[in-house]
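Working notes, beginning with the structure itself.
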Protein chains: 2
Amino acid sequence: MALDSGRGRPAAGGSATISDVAQAAGVSRQTVSNVLNAPHRVRPVTRERVEQVIAELGYHPNRVARSLRASSPGMVGYRIQSVSTESVAAINDRFLHALVEAGQAGNHHVLLFTAADTDAESDHCTALWRTGAVSGVVLYDIEPHDQRPERLIAAGVPFAAFGRTAAGTDRYSWVDIDNAAGTEAAVDHLVAAGHRRIGFLGWPEGTSVGDARARGWLAAMDRHGLLAQSHRLDVRGPDAMSTGTCLMAELLDRPEPPSAVVAATDTLAVGALQALRDRGLRAGEDVAVVGFDDTAAASALGLSSVRQPIEEVGRLIMAELLRATSGPSDLDPLQRLLEPELVLRASG
Amino acid sequence: MALDSGRGRPAAGGSATISDVAQAAGVSRQTVSNVLNAPHRVRPVTRERVEQVIAELGYHPNRVARSLRASSPGMVGYRIQSVSTESVAAINDRFLHALVEAGQAGNHHVLLFTAADTDAESDHCTALWRTGAVSGVVLYDIEPHDQRPERLIAAGVPFAAFGRTAAGTDRYSWVDIDNAAGTEAAVDHLVAAGHRRIGFLGWPEGTSVGDARARGWLAAMDRHGLLAQSHRLDVRGPDAMSTGTCLMAELLDRPEPPSAVVAATDTLAVGALQALRDRGLRAGEDVAVVGFDDTAAASALGLSSVRQPIEEVGRLIMAELLRATSGPSDLDPLQRLLEPELVLRASG
DNA sequence: TCGGTCGATTTTATCGTTCAAGCCGCCGTT
DNA sequence: AACGGCGGCTTGAACGATAAAATCGACCGA
């Protein structure tokens, strides 16, 4: 029988190492390793003996050592944003959950960090990658002129993004929601229900998501030939419930108020519902309201809303990142636009 | 000048290693290491030369290798829960954010994982610890008869918990909110405002958080001698907005309805507000409502609410966990009860 | 009987870092 | 001049794992 060449500590304080198992089973470290990673190379008799010792000692291979050898940490970085006190209906937690779940399926974990702004985020991502702490990072909520993609490309950090910039999108992997199609679907539905004057509650111009949702409303209204009588029903403000209430009130005060509104987020839509209630109007009967994101608030309030397949986005992004980092070489980056889906409830 | 005994690859594909720096600066690896970790041991001239080479090569010490050597991964595990579709106002994201931020301050990162239930969570925590992936874990939302603490103690996994079990709390570190004091404060405030019939909207019995909040309401009502006329104003249901609406409606239908209610969560309180509106009653004028958690929804709706210092909880838990894992030995576990604070708004 | 192939296992080297011990030269002391 | 001490640096070993190469015996065909 062979002797183990490693040190002979008998599994004292910490858990057992591969050398402990090797020694106890009377084989070499490598054979133990093979039992775990390439069982077909080991004779069944030996394998069973080793497996039994592994069970007895409660041996679990050390991830850190494995990562060092494999020069792949099995980690993906993600910046957790500070919680907004404005938005009453966010979905980034759904995204994160999907990311973690998909990562786990591919034997990767998600490592969280915080950063004050996107510049600090880029720096942190770069540092994490340079120190070998992560094999790649995930970016959330990319803006049209976001600096993050180009910075990370310059630093050589592998990444995949939810959302995309205005330019250079062919150079990196992204998954995005067809936000315009979402608001278009909302308008189409409202038109089919007989509405003609359909307002839009949106964010101020300049965000990728907000602009796309506004564009969808505009395109659909135009397609139905309703722009002439509705082009002034497009109102904007920051993403807060109070904004939704104010903007809706403003629209209702018009000489020709809308009979329906499409909101860029559930937060704005919930605010709009409030404005209706303040005037004794009933959502869905007097005025139809459609939100965006299908949050818990929407389902609780019976608010129709456009649902993003955000879990699917998380899965795709993680799968793509793992493919890119563990894969053999540089294939074409994934660029995928997913369709949202209108969920109908009492409000419209 | 000495030669470096390590291999001589000139920093090809990946980033530079400590050996590359040593070779380029004409010193040994250990000297480079000392420049970074114990600068006082290195002569200023040498130090500057090495520092310059470090900057030129863009060298960043590899965390994985460092972790292996130090046998401390610099990671803390945390289970991210699946997102509830019921609760419209959760605060676990605030907790997680605080945790990550506090960890970063102590050079630790948070590693996320998912698990179907608390048993799976315990197993995953144990596996993460046995494989050396984390130096400890954080538990969220401990129930009275939660199995997690004792399981982790049995497995030897270091942890710190938000919340505590009914028994054995002296054996582990926890931070909890004095939930009873929160609802007591709410009742005290309402009594001072002249209310006598004060209802309670809570969860069914059996949860640590829910029971404590109910207990606080009961204790304060008793202390003010109001139980006789209000003991039937305690209604319970699952934590959903619709529940809040139903329960509130039920209370309002009583022959002697409450003039104020304390809710166990903002979700229930928001539902209650809805019930008031359905009957044309005004919150804060006709009926006072106080929620719990001070979520974004509360501030958006002008709902008075009991605010948990959850960021403080996150900071304390992370600090304690780092102390316990990196500390020299087993000091007494931290056991800390924090006071919540009543935030007054228009609803009461 | 000998070279060759193959399967099972061991040996060696390596991932990148840091701890512990060793070496060398300089200074001050007696 | 011999010695101890110390600052500054290098050397060797170790952390725990795995890829690649080497070893060894058995089996096979010529």
Side-chain angles (χ1 to χ4, degrees), chain A residues 1-9 11-23 25-50 54 57 59-74 130-133, chain B residues 1-9 11-23 25-50 54 57 59-74 130-133:
Chain A
M1 280 300 161
L3 289 174
D4 179 35
S5 63
R7 60 164 183 56
R9 179 176 60 74
S15 37
T17 73
I18 199 172
S19 293
D20 299 328
V21 175
Q23 194 169 15
V27 296
S28 71
R29 288 187 310 246
Q30 187 59 38
T31 299
V32 178
S33 175
N34 284 337
V35 167
L36 294 169
N37 304 316
H40 61 277
R41 291 192 173 182
V42 183
R43 199 157 42 120
V45 196
T46 315
R47 202 178 68 206
E48 278 175 32
R49 180 159 41 99
V50 171
I54 287 177
L57 297 186
Y59 166 71
H60 293 256
N62 185 302
R63 277 200 190 213
V64 177
R66 182 177 277 184
S67 293
L68 176 59
R69 184 65 235 252
S71 55
S72 158
R130 289 225 177 104
T131 59
Chain B
M1 282 301 160
L3 288 174
D4 179 35
S5 64
R7 59 160 184 57
R9 179 176 59 75
S15 38
T17 73
I18 201 173
S19 293
D20 299 328
V21 175
Q23 194 167 15
V27 295
S28 71
R29 290 185 311 246
Q30 187 58 40
T31 300
V32 179
S33 176
N34 285 337
V35 167
L36 294 169
N37 304 317
H40 61 276
R41 291 192 175 184
V42 184
R43 201 157 39 121
V45 197
T46 315
R47 202 179 67 206
E48 279 174 32
R49 182 159 40 99
V50 171
I54 286 176
L57 297 186
Y59 166 70
H60 292 257
N62 184 302
R63 278 199 190 212
V64 178
R66 180 176 279 184
S67 293
L68 176 59
R69 186 65 239 252
S71 54
S72 157
R130 290 225 176 105
T131 59

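Here the structure is a predicted model, which means the values were calculated and not measured. Worth knowing before you read on, the calculation uses all heavy atoms, side chains too, and leaves out hydrogens, waters and symmetry mates.
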Discussion item. Expressed as a whole number of angstroms, how long is the span from A:R43:CZ to C:dT9:C1'?
Written reply: 9 Å
Practice prompt. For A:D20 and D:dG16, give me the distance from atom CG to atom P, rounded to whole Å.
Written response: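 Taking atom P of D:dG16 as the reference, CG of A:D20 is at 8 Å.
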Taking OP1 and OP2 of [N], is either one under 4.0 Å from a side-chain nitrogen or oxygen of [X]?
{"X": "B:S28", "N": "D:dT10", "value": "yes"}
{"X": "B:T46", "N": "D:dG8", "value": "no"}
{"X": "A:S71", "N": "C:dG16", "value": "no"}

Item to complete: Among residues two or more places apart or on two chains, list those pairs meeting side-chain hydrogen bond (donor to acceptor under 3.5 Å, both in side chains) that have a residue in residues 33-45 of chain A.
Response: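 Non-adjacent pairs meeting side-chain hydrogen bond (donor to acceptor under 3.5 Å, both in side chains): A:Q30-A:N34, A:S33-A:N37.
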Fill in: Qualifying residues under side-chain hydrogen bond (donor to acceptor under 3.5 Å, both in side chains), relative to B:S67, sequence neighbours excluded
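For B:S67, no residue satisfies side-chain hydrogen bond (donor to acceptor under 3.5 Å, both in side chains) once neighbours in sequence are set aside.
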Worksheet item: Using rotation axes that map the C1' atoms of four end pairs onto the next four (five pairs an end), what angle separates the end axes of the helix from C:dT1-D:dA30 to C:dT30-D:dA1, to 10°?
Response: 70°
Discussion item. Taking the nucleotide of DNA chain D with the nearest heavy atom to each, does B:A65 or B:P44 sit closer to the 5' end?
Written reply: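 Comparing both residues, the 5'-ward one is B:P44.
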Discussion item. Show the nearest heavy-atom pair for residues B:Y59 and B:T17, with the distance to one decimal.
Written reply: CE1-C, 3.5 Å
Worksheet item: So which heavy atom on B:R29 is nearest to which on B:A22, and how close?
Response: N-CB, 3.6 Å
For residues [X] and [Y], determine if any side-chain heavy atom of one lies less than 4.5 Å from a side-chain heavy atom of the other.
{"X": "A:I54", "Y": "A:V50", "result": "yes"}
{"X": "A:V42", "Y": "A:V27", "result": "no"}
{"X": "A:R49", "Y": "A:T46", "result": "yes"}

Practice prompt. Would you mind classifying the nucleic acid contact of B:V64 as base, sugar-phosphate or nothing, using non-hydrogen atoms under 4.0 angstrom?
Written response: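 If one applies the 4.0 Å heavy-atom cut-off, B:V64 turns out to touch nothing in the nucleic acid.
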Worksheet entry | Test side chain to side chain contact (heavy atoms under 4.5 Å, CB included) applied to B:R69 - qualifying residues, sequence neighbours left out |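 Per chain and number, B:R69 pairs via side chain to side chain contact (heavy atoms under 4.5 Å, CB included) with no residue.
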Tabulated below should be each protein N or O lying under 3.5 Å from an N or O of nucleotides 23-27 of chain C; please produce it.
none

Worksheet item: Where along nucleotides 18-24 of chain D does protein come under 4.0 Å, by heavy atom, of base (B) or sugar-phosphate alone (S), with - for untouched nucleotides?
Response: BBB----
Worksheet entry | Rounded distance [0.5 Å steps], OG1 in A:T131 versus CG in B:N62 | 7.0 Å
